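Report on the structure given below.
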Amino acid sequence: MSKLMRPSFDAELIERHGGEGPRYTSYPTAVQFSDRFRAGDLYSAIAESNRLPIPPDLSLYVHVPFCSSPCFYCGCNRVITRSKTAGDEFLATLKKEIDLLGPRFDSDRLVRQLHLGGGTPTFLSVDQIEHLLNLLKAHFVFADDAEIGLEVDPRTVAPIGIKRLHEIGFNRISIGVQDLDPDVQKAVNRIHDTATVGATIGAARAVGFDSISVDLIYGLPLQTTAGFAATVETMVQLQPDRVSLFNYAHLPHLFKGQQRIKTEQLPTPATKLAIFRNALNRLLDSGYEFIGMDHFALPGDSMVKARTDGSLVRNFQGYSTHGGLDLVSFGPSAISQIGDSFAQNQRLLKDWTAAINEGHAATARGLTRTTDDRLRAEVIERIMCTGQLVYRDMERFFQLRFRSYFAEELARLEPLADDGLIEWTGEGFRVTPAGMMFLRAIAKAFDAYIKPQGQQQGRFSRIV
Ligand code: SF4
């Protein structure tokens, strides 16, 4: 029996409201970051956070930038290499970065969450990953029940490696599958067979990972409705706790690697929608709950609980069950969020390395939120995570009259209400089943940085 709202699918609404929009892993989004924000600003933000009466606990992120071969659809910041020494050189610089930032945080601020992303964290051997964990533990105290997770490329870790990752402390795993159709895999240069994926998930379940999550992508070249339905069917049989169903954003002007994808091999918009509709319905019919945007989870998963009790949040990894933490990030392009400040590291490995070797944080850009930013961030997060907004909650926190402060934004929502994506409740509004697919479009109405139609074309991915 479904606890959460089941989204409905309507091709006409997708045509009208499924255009481009930010994913709101932060507000303001990274597009607004300024290169005037530097290492000194990050240090000040950390010092200020330590001075709070109760400083928030911490979430750590490490960006491991390496991959041994390029997936053509990739939009991540990564370095393609087969170098045997790259991992050790990276860890040597990472140690310096952790030594630089770690002591700045009060030692009683517990780590509640750690995530390794990339790139491919499992480009590193399990021994190297264990070394990385120990570098962090030299400066940070981990809570006993900390969520410790990483992204795994099934091509890079044998089941025995999965077992060892669990032994050294990992309890969450996210496996990049994308599509199991051999033709699609060839077209995107990412080849792994179904048996390998099954063995990875099976090994993770056998050793007791608390949460196993799988990423799929629809809209890839040569995808067909039948082919992707078979991939989804395999996933339904393998029963990962969470499934992310990402919409491939073909933005070759932004991501050079995507130029290797043959445009004529991309599914037509109609096929892509059919692929998505079938996948959505199959996941929901087989018992997965819809969390929001592209995330699904089994009823027993902590993400469903967080979505139900209102504790779900957005952060740079997407939806998360842990709110109220400061995020401390390491590695090239990684973004920290300390209080109201965002700080992004140098994107390029060589620039990140050079900055750390000069003895300071590798901050290249960032910003400190204004009160208006904070207010809009809260509004957007509530829409994205709870699907509703009660004005007086915002009025209480921010001392304002919501209807007059947001008169323009509420007027922008009228066409969405007319199309049945939201319904006014008297004390605010709530997203309807038809609107669940369009959380980003609804949230976008409150984004003060969105320029008039057209000016930001090609900057963000499509909402559906
Ligand atoms: S999709 Fe992942 S594994 Fe593939 S190139 Fe990008 S970061 Fe590397």
Side-chain angles (χ1 to χ4, degrees), residues 23 25 30 61-83 86-87 90 94 115-126 128-129 132 149-158 161-162 165 172-193 196-197 200-201 212-223 228 231 240 242-262 265-266 294 316-318 329-335 344-345 347-349 352 461:
R23 297 179 59 78
T25 51
Y61 173 74
V62 180
H63 188 85
V64 181
F66 306 110
C67 301
S68 45
S69 73
C71 309
F72 296 160
Y73 57 80
C74 180
C76 302
N77 180 38
R78 81 280 197 267
V79 175
I80 307 298
T81 180
R82 301 264 167 129
S83 161
F90 170 74
L94 189 70
H115 185 75
L116 307 190
T120 307
T122 47
F123 176 93
L124 301 177
S125 67
V126 180
Q128 286 174 317
I129 292 174
L132 187 161
L150 84 170
E151 290 159 20
V152 163
D153 181 336
R155 297 171 297 179
T156 58
V157 196
I162 299 290
L165 285 168
R172 296 177 177 259
I173 190 168
S174 170
I175 302 163
V177 174
Q178 327 312 358
D179 193 315
L180 292 171
D181 184 321
D183 291 337
V184 177
Q185 292 189 355
K186 220 164 140 202
V188 299
N189 195 40
R190 184 186 173 101
I191 296 169
H192 45 63
D193 58 21
T196 306
V197 172
T200 308
I201 294 176
I212 302 169
S213 130
V214 155
D215 290 350
L216 302 177
I217 303 182
Y218 69 96
L220 293 176
L222 299 183
Q223 261 177 358
F228 198 71
T231 294
R242 299 177 186 173
V243 175
S244 299
L245 181 61
F246 294 116
N247 178 358
Y248 169 59
H250 190 57
L251 302 168
H253 58 289
L254 291 183
F255 307 112
K256 227 172 110 215
Q258 293 185 354
Q259 290 168 6
R260 297 173 75 178
I261 284 187
K262 296 191 178 95
Q265 290 187 343
L266 291 171
D294 20 44
F316 289 105
Q317 275 100 56
S329 297
F330 303 93
S333 76
I335 303 176
Q344 181 167 31
N345 275 348
R347 275 184 68 79
L348 298 180
L349 179 64
W352 170 77
S461 60

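Both backbone and side-chain heavy atoms feed into the values below; hydrogens, waters and symmetry mates do not. Read the numbers this way: they start at 1 and go in the same order the structure lists the ligands and their atoms. Here the structure is a predicted model, which is why all the values come from computation and not from measurement.
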Numbering as shown, the atoms of ligand 1 that approach G119 to under 4.0 Å (heavy-atom distance) = 7 (S)
Please identify each residue that fulfils salt bridge (charged side-chain N to carboxylate O under 4.0 Å, His left out) with D294, with sequence neighbours left out.
-> R23
Spacing of OG1 belonging to T196 relative to CG belonging to D193, to within rounding of 0.5 Å | 3.5 Å
Smallest heavy-atom separation, Q185 atom then I191 atom, equals OE1-CA, 3.4 Å
Atom OG1 of T120 and atom CD1 of I80: how far apart are they, to the nearest 0.5 Å?
-> 7.5 Å
Determine, step by step, whether F316 and Y61 satisfy the ring pair (Phe, Tyr, Trp, His ring centres under 6.0 Å) criterion, reporting the C-alpha distance in whole Å, the side-chain angles of both residues, the deciding distance to 0.1 Å, and the verdict.
-> CA-CA 10 Å; F316 289 105; Y61 173 74; 8.9 Å; no
With distance as the sole criterion, is a donor-acceptor pair present between the side chains of D179 and T231 under 3.5 Å?
-> yes
Protein N, O or S atoms lying under 2.8 Å from atom 4 (Fe) of ligand 1, listed by chain and number | C71 SG
